[in-house]
Amino acid sequence: MDFLRSKEMFKRNVKCGEISENEIGKTVIVNGWIHRKRDLGGLLFIDLRDRSGIVQVVVDPKNISKEKSEEIQGLKNESVVGIEGKVKNRLEPNLNLPTGKFEILLQAFEIFSKSEDLPFNQFSSQEVDETVRLKYRYLDLRRPEIRKVFELRSRIIQAIRTFFINRDFIEIETPILTKSTPEGARDFIVPSRLNKGKFYALPQSPQLFKQILMIGGFEKYFQIARCFRDEDLRQDRQPEFTQLDVEMSFIEQGDILKLMEEMYKDLFKEILGVEIEIPFQRVSYVDAKKKFGSDKPDTRFGMEIKDLTDYFKETGIQIIRDGMKNGKVVLALFLPGGAALSRREVDDLKEQMTDFGLNGFIDFKIKKGEIISSFSKYLTEKEKSGILGTGQPDNLALIFVVNSKNGFDQVGRVRILLAEKYNLVKKDKFNFIWVVDFPFFAYNEKEGRYEAEHHPFTMPKPEDLEKLETDKEHVKALAYDLVLNGNELGGGSIRIHNPELQKRVFKAIGLSDVEVEQKFGFLVQALSFGAPPHGGIAFGLDRLVWIMNGGTGSLRDVIAFPKTTSGICPLTEAPNEVSKKQLNDVGIKTENG
RNA sequence: GGGGUCGUAGUGUAGUGGUUCAACACGCUGGCCUGUCACGCCGGAGACCAUGGGUUCAAAUCCCAUCGAUCCCGCCA
């Protein structure tokens, strides 16, 4: 291991996985990691691995000195070496290996670096604690399955870039050090040394910059942008994530939806070889909530929520009657094949309902046009027709008596549970669906005020403008989300390009003139110097890669260096303390001095 | 912020309903082995059972707290 090399390194002239007939009889040099050794005493086999694959090297003591032989024999797995030797056919091929017909007879070698004992075996099928894996992320990254994820990710990004560049879009970078804004997620903040006591914020998205780029006349912008949100993490949420960000001028909502449909069609065709049908299905926000109990409906299976309230207006079943007196509604799910479930299975299901904030449900089995249930004798003809008219034979009808406000969401979650539990989801399907006509405002109970459901730069639907001050509940937005298999891929909106309207909206969400001036003065001003009509969309790229990779595991699997649920990077141990001097420089004192 | 699950050698697991319980596999290590390919065979070392407190004659095991991991709710315009 001469670090100050006096000679040329043993640089490879062929890759491990590419050893073939062509090299037979030739002397080659391969570089790589010692994947595994099989020491038979007199004879040593080494599986040498590089990115291309694995090849077997044979160390025969006849060919090298005793010291050299012992030196290579003593190397631990994952040490990195260069090996020179002659390629020959194997006596007994190993058909499990692409290079299994060949082997390299070692003549000379160079040790590039020795490995210590490994903290875990990254090639074992054993599941190792994820924190340990992340601490030694580089070991895991050497696994071909893991590497493939990042090859996929790279190809996806490449395809996206090509798509937009071919359509005359300009990729522009926007600042990472920017300004903290109210509304939306919590910002990560960065202290400023040159401006003591002041802070930058990391962008939650390039939202304002891309609008300003439109005002700047770029007309078509996109960016693969890093975004930051200081909120609690989830399986599908990281504090920093990558977004495909798009904005266009002189367009309407339909133009953006169409463009994105084309992009996804191309992308899925090129990367996965899957034909996606366009245009995508569309559903209004209200209908999505009513049919699927979610604003990100998974449409890979049916089982839509049915509202049977009208059928049960005069019911003799007391729990339903009592519930309806309190303004509750009667919702039903029809589980295909559920009539075959045992009493026990149905009861277990009922018990699980508490997880969703539900007391349970009333169940009716539908068999050969008959309703079978302990309640069936109380059913009126009208109620029977409601159940039979909606459900199919062999279904289990689950009747929920729930609040009209959040009941649909609760039942929507039960719908997902049932689909997973009884394998109703067609796993190989890619169901894209646009959710449109979002409400403009959302009431924040905690703060007792209305906020923008999407964001405050969104254009209200023109016909709802007059309700902006008087009837906030019913103002709809020119906003849209794209949902794939029940995952929100992303969303966007047509933006406000009129400074007066923008001020009105700020006011409607309770921002004072002073706050508007302080926080968004630059935007209002920009809008007043000639802003084109514009709009755009943004997609979570990590989530897209995750889905295209099969949608298993967590988002952490498609990020090279992800953080744990508590926002920690086990590899670098970020976040961490900084020195007193660093704090002094930026004028910060911590609580413990 | 709230709730669920989990935490035992380097790694993965067993043990857990109170007192011979700290075991097994992989890895590591000493020895043997010239055709293996998850090489094999014989031997060895390695864990105060996440941390702190409590209950008890007795705690890996029961209770509480803390920390960490993970999943969910809130939150994420």
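No experiment lies behind these values; they were computed from the predicted model shown. Order of the sequence lines sets the chain letters (A, B, ...), proteins ahead of strands, with each chain counted from 1. Scope of the values below: all heavy atoms of this structure, side chains included, with no hydrogens, waters or symmetry mates.
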Establish, with yes or no, whether the OP1 or OP2 oxygen of B/U70 is under 4.0 angstrom from a side-chain nitrogen or oxygen of A/Gln235. no
Any N or O donor-acceptor pair under 3.5 Å from the base of B/C75 to the side chain of A/Arg229? no
Per-nt protein contacts along nucleotides 35-52 of chain B (heavy atom under 4.0 Å; B base, S backbone sugar-phosphate only, - none) come out as BBBSB-------------
Would A/Phe123 and A/Arg49 count as a side-chain contact (heavy atoms from CB on, under 4.5 Å) if you check the C-alpha gap in whole Å, the side-chain angles of each, and the deciding distance to 0.1 Å? CA-CA 12 Å; A/Phe123 298 105; A/Arg49 184 192 77 242; 3.2 Å; yes
Taking the P atom in each of B/A60 and B/G53, what is the distance between them to the nearest angstrom? 14 Å
I want to confirm an ordering. Mapping A/Ser566 and A/Gln204 to their closest nucleotides on RNA chain B, which one lands closer to the 5' end? A/Ser566
Looking at A/Phe241, I'd like to know if the NZ or CZ of A/Arg543 sits under 6.0 Å from its six-membered ring centre while staying within 45 degrees of the ring's axis. no
Identified pairing partner of B/U70, criterion: Watson-Crick or G-U wobble below 3.5 Å: B/G4
Pairwise C1' distance, B/G46 and B/C24 [rounded to whole Å]: 15 Å
Please check the phosphate of B/A69 (OP1 and OP2 only) for any side-chain N or O of A/Thr564 closer than 4.0 Å. yes
Pick the P atom in B/C72 and in B/A14, then give their distance to the nearest Å. 24 Å
Which part of the nucleic acid does A/Arg133 contact within heavy-atom distance under 4.0 Å: base, sugar-phosphate only, or nothing? nothing
For A/Thr131, which contact category applies under a 4.0 Å heavy-atom criterion: base, sugar-phosphate, or nothing? sugar-phosphate
Test item: A/Glu78 and A/Arg142 side chains (from C-beta on) under 4.5 Å apart, heavy atoms: yes
Considering only B/U29, B/G12, B/C75, which nucleotide approaches the side chain of A/Arg234 most closely? B/C75
P atom, B/G7 versus B/C49: distance in rounded Å? 14 Å
Sequence-distant partners of A/Asp471, salt bridge (Lys or Arg N to Asp or Glu O under 4.0 Å), two or more places apart: none
For atom C1', what is the distance between B/A69 and B/A25, given to the nearest Å? 24 Å
P atom, B/C6 versus B/U16: distance in rounded Å? 15 Å
Classify the nucleic acid contact of A/Asp232 as base, sugar-phosphate or nothing, counting any heavy atom under 4.0 Å across all strands shown. base
With rounding to the closest Å, how many angstrom separate the C1' atoms on B/C73 and B/G10? 37 Å
Check whether any side-chain N or O of A/Arg413 sits under 4.0 Å from OP1 or OP2 of B/C72, and answer yes or no. no
Evaluate the ring planes of A/Phe441 and A/Tyr450, with Trp represented by its six-membered ring, and classify them as parallel (under 30°), tilted (30 to 60°) or perpendicular (over 60°). perpendicular
With under 30° as parallel and over 60° as perpendicular, where do the rings of A/Tyr136 and A/Tyr138 fit, or are they tilted in between? perpendicular
